[in-house]
Amino acid sequence: MSLQPELPETLSSTATEAVQILNANDRGTYSVPTQGLYPMQFNWDSAFAALGYRFLDAERAWTELFQLAAAQFPDGMIPHLVFRGQHEGYFPGPDVWDNGQLIPGSGITQPPVLASVARTLDEDCPTQRHNMMVDLLRRLVRWHAWFMQYRLDTVSKAVLIIHPWESGRDNLPDWDQVLQRVPVANLPAYRRSDLGHVDAAQRPTQAQYDRYLSLVYYGRERHWDQQWLHQHSAFRMVDPVMTAILLRANRDLLVLLQRYELYGCLGQVAADIHTLESGWRNLWNPDVRAYTAFDPHLEAHSGSVTSASFLHCYAGVLDRTEHAHSIDHLRRFARRVKFLLPSFDPQADGFDARKYWKGPVWHIINYLVAKGLHECGEERLALRIERDTLTLSEKTGLFEYYDPETGEGLGGKTFTWSAAVYLDRWCRLHQG
Ligand code: GLC
């Protein structure tokens with residue numbers, strides 16, 4: 001039996017709901033983000049889900065991570081979604097992605113939080129399956145190396161994405177301009193499955209969706225040749241979320257490799273950390289005094305502050321002056337909206353409190369930013385973000401994302417990662 005972090009005996013009604021959601025979205029060896037809207041395994045959703053499952057059944061939480069890693073492609077990539085079992089007419093499905101792999105999934109990846117969650121679990125409830133753990137670590141080494149080979153921007157040394165879906169922040173205003181440059185392919189008639197579940201006003205527009213899908217068609221025309229996509233994809237943007245998460249994931253991986261006495265790749269991982277640290281620093285935009293996205297084509301920073309601008313502590317890169325400016329922006333956000341952390345600058349053009357990644361609060365980003373802020377001594381702001389995560393959940397339920405002004409829950413209901421992050425925070429609070 002694994003050690004297991006304990007659930008307090010008496011649960012709040014939202015904690016009870018979180019447990020129910022985790023159980024309802026459990027497909028035995030993996031979880032789905034929510035039924036209907038997203039009926040298959042998503043990469044970073046799954047990693048966050050394991051944070052929640054560890055309170056219910058530690059080995060079940062580990063299975064979630066092992067299953068995700070098992071979807072690894074021969075080149076090392078772990079895809080952003082994996083079609084297992086029923087996927088209830090999800091569009092675009094495996095036939096559209098046509099990834100040519102034994103495992104039906106997409107042809108792109110998602111932010112690599114897996115190693116960091118594995119470290120958290122290893123500290124709370126180490127798995128009894130030692131061989132599986134060693135296998136997981138080897139897969140993580142290969143996945144992280146894949147990023148360095150196929151997603152590193154040679155100019156900034158930070159991580160680029162070749163599809164807005166890869167960032168996990170699908171319709172961030174930062175991507176809009178570049179997405180405009182993507183020519184719309186000769187697409188067959190298609191029906192979006194998302195609009196059957198969520199109000200169109202909260203989702204990406206049709207024009208954006210045509211381009212998302214065009215990028216999928218361009219990828220499959222090239223048989224998902226990652227080398228080619230890295231250099232020539234019609235959409236390429238350097239993403240602070242990807243960069244901070246990969247940097248942190250490498251730091252956590254380094255600790256795990258030492259703990260499990262896998263010394264062979266330590267040098268490589270350490271060198272990658274060094275490269276990514278300079279990559280993160282290069283995302284500093286002196287004009288707006290914040291870490292921002294970067295357009296490798298124009299060699300220019302995007303001008304907007306987003307929730308990712310506050311991931312420097314999580315990434316473990318602390319420059320006193322840049323930190324002070326970043327905290328000023330965060331305080332400014334806190335004065336403008338009722339609930340932290342809006343995904344996009346509430347004072348910028350393009351902010352929309354209800355539209356997906358153009359303004360709403362996402363629990364997973366709150367989790368990452370708060371974790372980093374705790375680690376660099378910004379207790380008050382970290383606690384404020386965590387308190388808002390709890391309040392939003394208790395006020396309206398465990399939704400996909402939330403309006404930062406009214407607190408209304410939006411998007412998909414009964415959402416796995418919101419349940420997992422809520423439970424994580426709530427349990428830590430109630431265990432002192
Ligand atoms: C949306 C989000 C993405 C997430 C997926 C499943 O596409 O933008 O980050 O992984 O939904 O929850």
Side-chain angles (χ1 to χ4, degrees), residues 27 30-47 67-112 114 139 142-143 146-147 149-151 160-171 175 179 182-197 203-204 206 208-237 239 242 412:
R27 296 290 174 273
Y30 68 97
S31 63
V32 298
T34 183
Q35 296 173 55
L37 181 62
Y38 301 125
M40 64 294 192
Q41 186 175 25
F42 271 74
N43 190 321
W44 69 334
D45 295 68
S46 222
Q67 270 294 72
L68 176 58
Q72 186 163 44
F73 290 1
D75 69 358
M77 183 179 88
I78 303 183
H80 106 286
L81 44 90
V82 189
F83 296 101
R84 302 182 190 278
Q86 290 287 322
H87 36 85
E88 304 156 27
Y90 179 81
F91 183 86
D95 51 325
V96 178
W97 286 98
D98 192 18
N99 70 6
Q101 303 289 330
L102 278 177
I103 300 196
S106 66
I108 58 173
T109 194
Q110 253 190 342
L114 181 51
R139 287 172 186 268
R142 292 186 54 232
W143 188 26
W146 176 91
F147 271 101
Q149 187 174 358
Y150 296 117
R151 290 295 184 270
L160 60 76
I161 52 171
I162 57 135
H163 194 299
W165 290 344
E166 210 163 48
S167 71
R169 299 188 294 164
D170 306 14
N171 70 335
W175 315 147
L179 201 60
V182 173
V184 177
N186 190 10
L187 300 171
Y190 68 95
R191 216 170 119 222
R192 289 172 60 175
S193 54
D194 59 327
L195 299 183
H197 301 281
R203 300 285 305 179
Q206 193 56 40
Q208 284 172 332
Y209 217 90
D210 281 347
R211 290 184 164 84
Y212 297 153
L213 203 58
S214 298
L215 287 167
V216 174
Y217 275 83
Y218 299 141
R220 70 180 228 178
E221 265 166 27
R222 287 271 162 186
H223 307 291
W224 296 105
D225 173 349
Q226 299 295 341
Q227 188 71 48
W228 188 89
L229 291 165
H230 176 223
Q231 285 159 19
H232 306 293
S233 174
F235 182 95
R236 294 168 79 248
M237 269 301 268
D239 179 15
M242 275 294 200

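Model, not experiment: these values are computed from the prediction. Reckoned from all heavy atoms, side chains included, excluding hydrogens, waters and symmetry mates.
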In Å, rounded to the nearest 0.5 Å, how long is the span from CG of D170 to CG of L179?
-> 11.0 Å
Distance in Å, F83 CZ paired with M40 CE, rounded so as to fall on 0.5 Å steps = 4.5 Å
Is a donor on one side and an acceptor on the other found under 3.5 Å between the side chain of Y30 and the backbone of V82?
->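 Here the side-chain-to-backbone pair does not exist.
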Without swapping roles, check the side chain of W97 against the backbone of P104 for a donor-acceptor pair under 3.5 Å.
->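 Judged by distance alone, no pair lies under 3.5 Å.
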Hey, can you tell me if [X] and [Y] have their rings parallel, tilted or perpendicular (30° and 60° cut-offs)?
X    : Y    : value
W143 : F147 : tilted
W165 : H80  : parallel
F42  : Y38  : perpendicular

Run the side-chain contact (heavy atoms from CB on, under 4.5 Å) check on I161 and W175 step by step: do they pass?
-> CA-CA 10 Å; I161 52 171; W175 315 147; 3.8 Å; yes
Pair D75 + R142: basic N to acidic O under 4.0 Å = no
Run the salt bridge (Lys or Arg N to Asp or Glu O under 4.0 Å) test against [X] and tell me which residues pass, sequence neighbours left out.
X    : value
R84  : none
R139 : D135
R151 : E166

May I ask you to check whether R192 and Q206 show a side-chain donor-acceptor distance below 3.5 Å?
->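 Indeed, the side chains of R192 and Q206 share at least one donor-acceptor pair under 3.5 Å.
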